[in-house]
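Below is one structure, written out as structure tokens; comments come after it.
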Amino acid sequence: MPPSFLSTSFCAWLLSLMLLTATVSCSQDQQSSIKSALPDVLTQAAGPQPTLDSVYIVKYMAAEPQFKDQIDWAKKFYKARDFRLGWFRDHELVPQAQTMLGVIGKAADEGLNPKDYQTENFDQLFKDFEAAKSDSTRRNALEKKIDVALSATYFNYASDFYRGTVDPRAVKNIDWEVKRNKVKLHKALMTILKERESTYGYYDFEPLHPEYDRLKKVLADYRALQRKGGWPAIPAGTKLKPGAASSAVAALRGRLLGTTAGATSEAPAVAVANNPGQPATAAAPATEKYEGELVAAVKEFQNLNGLKPDGVVGGETLRELNVPVSQRIDQILMNMERWRWIPKKFEADYLLVNIPEYKLHVMEDGKEAFNMNVIVGKELHETPIFSDKVEFVVLAPYWNVPFSIIENELRPKLVANAQGTLDRLDMEVVKGWGDKATPVDPNSIDWANVSEENWKYTLRRRPGPKNDLGNVKFIFPNSKSIYLHDTPHDELFSQTKRGFSHGCVRVAEPLKLAEYLLRNKPGWDATNIEQTIATREEKYVTLPEKLPVYLVYFTSWVDDAGKVHFRDDIYGHDKSLAKEYFN
């Protein structure tokens, strides 16, 4: 039979036999060279890998609703590789395919639904592919389909895992304008397929932030407890002070310590005071004294839930104790989702204000240098959620009075006696800004008829002890007119719920923060800062480098000790997110 009529598979077999036979009489180096060439020869005999084109990719993905939003990622991925297949080598699937499908099978661990990423039946496709290997035309067609299906499935899953299932900027009621997570999913896939290096854990489908991973571990613990029936409820109306005896103590002990009186704790190590606990397993006495380790557990629970740690059970403490485990699971899931919205990497140094926590965290070299309490906007004047960069520290600042306060609070007094009112409030009216501002006679203004549209001046309070901004403010220029600042009302920081401002963030230790931010600015040590403030003359000091600041909203997190914290949804953002996330 002429060679042109030989089958491809027979040619491959014959050629391989000849090459293997030839090695018998060759030197060791020649044998090695022939054997290393054998796979390439066999691949050529089996035919080249098929390639794709953008028309095929778009047509396939546009036909599947779950894949439509991922078309651009797929086009970028395949264009970068000249439309070569990504998941096949020498007509064989790479092992990363099964790894990815295994990860997707555990998507519930991430708070995601595995069914959302099971558009294709890959088990059947893989069987069809194995059966078609002797038919190069059908085999090539299946390779193309499987390859695009795997890529589309990856992008569908990775988009949710790395960028979030909800786009906060697309939903009106979700207030979140922190800069976007800019993960380039086509490059992430190249990393998975070992075609590029990356500092991120894309290889192993790892989360981008350790804070997310901590929540994920707690989620598993809480779900395990949910399967066992949750934690015991404390009877409604319970009011317990340390030293009191009550039949409710047994339930409280089971809730926080996972034991009955005298038993050994079996509570999971999530966090003693915020752990899932275990139902009591033995009969408890009718009454039991509330004391010792149980009082300590209640105080820790109160700390972890943003409550006053007085050890008294009742009111808010009772309410938080009786929040069902299902609700805590939902809260954890929503905060995991928020971590997907955060940029994939923070800068080395930055400020982070967690609004529901009422706390400012100063981060240096990726670790917390210190933190301090803050006051945030009240419910009707919410502190917005966004990110920016601090550029200036302002010492002895003026306070520019918002027109809403002029209109709603000061107008009648200004109409009656403008100069007297301003003298009493240590205020002045000026025209222009900064050093060019010039005083205006307040009696020359028709206060009864001023409006936001025709108001062309600035009403401001002079630097000094009455100033609403205190001695220091920290400016990150933004359209929302939000900044950090001092306050003359230090007594408010002793409150556990600190929503008192009109939107700006008041800091408990402004001089400490100012000294820290200016530590690398020659001539601006603590002494010079205080001396400048004492002059009562406003002074802008430019930071040596702009410092990123993040105003965020997390109602649940896990600290470095592994203890889970929960906070009230003070602005209702959890409620808004739940409508999108769980639907």
Partner set under side-chain contact (heavy atoms from CB on, under 4.5 Å) for Lys466, not counting sequence neighbours: Asp426, Arg461
Lys344, NZ: over 12 other non-hydrogen atoms inside 6.0 angstrom: yes
Please examine the side chains of Val430 and Glu428, heavy atoms only from C-beta on, and report whether any two atoms are closer than 4.5 Å. yes
Please indicate whether Glu379 has more than 12 foreign heavy atoms, meaning atoms of other residues, nucleotides or ligands, lying under 6.0 Å from its CD. no
Name the one of Leu219, Leu215, Asp213 that satisfies side-chain contact (heavy atoms from CB on, under 4.5 Å) with Lys217? Asp213
Closest non-hydrogen atom pair between Tyr581 and Glu110, with its separation: OH-O, 4.4 Å
Taking atom types as modelled, is there a side-chain donor on Ser556 or Gln331 under 3.5 Å from an acceptor on the other? no
Considering residues, nucleotides and ligands other than Lys216, do more than 12 of their heavy atoms fall under 6.0 Å from its NZ? yes
Pro242 versus Tyr290: any side-chain heavy-atom pair under 4.5 Å? yes
Residue pair Asp349 / Asp365: nearest heavy atoms and the distance that separates them: OD1-N, 2.8 Å
Kindly compute the distance separating CG (Asp446) from CG (Asn449), expressed to the nearest 0.5 Å. 4.0 Å
Taking the side chain as every heavy atom from C-beta outward, state whether Leu351 and Met363 have any atom pair closer than 4.5 Å. no
Are any non-hydrogen side-chain atoms of Val178 and Pro343 less than 4.5 angstrom apart? yes
Minimum heavy-atom separation for Tyr571 to Gly377, with atom names? OH-O, 2.5 Å
Taking all atoms of both residues into account, what is the closest heavy-atom pair of Gly470 and Pro397, and its distance? O-CD, 3.7 Å
Glu347: which residues meet the salt bridge (charged side-chain N to carboxylate O under 4.0 Å, His left out) condition with it, sequence neighbours left out? Lys179
Less than 4.0 Å between a side-chain N and a carboxylate O, is that true for Arg328 and Glu320? yes
Working to the nearest 0.5 angstrom, can you tell me the gap between Leu240 CG and Thr238 OG1? 6.0 Å
Does the pair Asp441 and Gln419 meet the rule for a side-chain contact (heavy atoms from CB on, under 4.5 Å), with working shown? CA-CA 8 Å; Asp441 180 1; Gln419 188 64 62; 4.3 Å; yes
Could you list the residues that satisfy salt bridge (charged side-chain N to carboxylate O under 4.0 Å, His left out) with Glu391, not counting sequence neighbours? Lys546
Against the six-membered ring of Phe161, is Arg340 placed for a cation-pi contact (under 6.0 Å from the centre, within 45° of the normal)? no
Under a 3.5 Å threshold, yes or no: a donor from one side chain and an acceptor from the other, between His565 and Asn305? no
For Trp339 and Phe554, I'd like to know if the aromatic rings sit close, meaning centre-to-centre distance below 6.0 Å. yes
Beyond-backbone contact of Leu422 with Leu414, side-chain heavy atoms, under 4.5 angstrom: yes
Do Val549 and Lys389 come close enough that some side-chain heavy atom pair is under 4.5 Å? no
Salt bridge or not between Asp559 and Arg214? Use side-chain N to carboxylate O under 4.0 Å. no
Check against side-chain contact (heavy atoms from CB on, under 4.5 Å), Leu321 and Leu252: CA-CA 9 Å; Leu321 283 165; Leu252 183 63; 3.8 Å; yes
Output all residues satisfying side-chain contact (heavy atoms from CB on, under 4.5 Å) with Thr438, sequence neighbours left out; order by chain, then residue number. Lys431
By side chain to side chain donor-acceptor pair (under 3.5 Å) - contacts of Asn408 (at least two apart): none
For the residue pair Trp455 and Tyr457, does the interplanar ring angle fall in the parallel (under 30°), tilted (30 to 60°) or perpendicular (over 60°) class? perpendicular
Sequence neighbours excluded, the answer for side-chain contact (heavy atoms from CB on, under 4.5 Å) partners of Arg498 is Tyr358, Asn373, Ile375, Phe493, Gln495, Phe500
Among all residues two or more places apart in sequence or in another chain, which pass the salt bridge (charged side-chain N to carboxylate O under 4.0 Å, His left out) test with Asp160? none
Please confirm whether the ring centroid of Phe370 lies under 6.0 Å from the ring centroid of Tyr516. yes
Indicate the ring-plane relationship of Tyr550 and Phe346, choosing parallel, tilted or perpendicular according to the 30° and 60° boundaries. perpendicular
Which residue, Ile174, Leu577, Val376, Asp569, forms the side-chain contact (heavy atoms from CB on, under 4.5 Å) with Tyr553? Asp569
Sorted by chain and residue number, the salt bridge (charged side-chain N to carboxylate O under 4.0 Å, His left out) partners of Arg411 (sequence neighbours excluded) come out as Glu407
Would you say that Val218 contacts Ile332 through its side chain, given a criterion of any heavy-atom pair below 4.5 Å between the two side chains? yes
Verdict with supporting geometry, Asp330 and Asp574, side-chain contact (heavy atoms from CB on, under 4.5 Å): CA-CA 9 Å; Asp330 287 351; Asp574 276 4; over 6 Å; no
Partner residues of Trp399 under the ring pair (Phe, Tyr, Trp, His ring centres under 6.0 Å) criterion, sequence neighbours left out: none
More than 12 heavy atoms of other residues, nucleotides or ligands under 6.0 Å from NZ of Lys539: is that the case? no
Tell me the salt bridge (charged side-chain N to carboxylate O under 4.0 Å, His left out) pairs involving residues 471-488, sequence neighbours left out? Glu177-Lys480
Once ring pair (Phe, Tyr, Trp, His ring centres under 6.0 Å) is applied, do any residues pair with Tyr202, and if so which ones, sequence neighbours excluded? Tyr162, Tyr200
Check Val564 against Leu304 and note the closest heavy-atom contact, atom names and distance. O-CB, 3.9 Å
Aromatic contact between Tyr222 and Trp231, with the criterion being ring centroids under 6.0 Å apart: yes or no? yes
Enclosure of Lys378 NZ (heavy-atom neighbours >12, cutoff 6.0 Å): yes
Verdict with supporting geometry, Leu517 and Trp524, side-chain contact (heavy atoms from CB on, under 4.5 Å): CA-CA 10 Å; Leu517 295 181; Trp524 288 104; over 6 Å; no
Do Leu511 and Ile529 come close enough that some side-chain heavy atom pair is under 4.5 Å? yes
So, using side-chain contact (heavy atoms from CB on, under 4.5 Å) as the criterion, who are the partners of Pro488 when residues are at least two apart? none
Evaluate whether atom NZ of Lys345 has more than 12 neighbouring non-hydrogen atoms of other residues, nucleotides or ligands under 6.0 angstrom away. no
Ignoring hydrogens and angles, state whether a donor on the side chain of Asn335 or Thr555 is under 3.5 Å from an acceptor on the partner side chain. yes
Counting distance only, does the side-chain N/O of Asn400 pair as donor-acceptor with the main-chain N or O of Arg460 below 3.5 Å? no
Pair Glu364, Tyr350: side-chain N/O donor-acceptor within cut-off below 3.5 Å: no
For the student: nearest non-hydrogen atoms of Ser481 and Asn478, plus distance: N-OD1, 3.0 Å
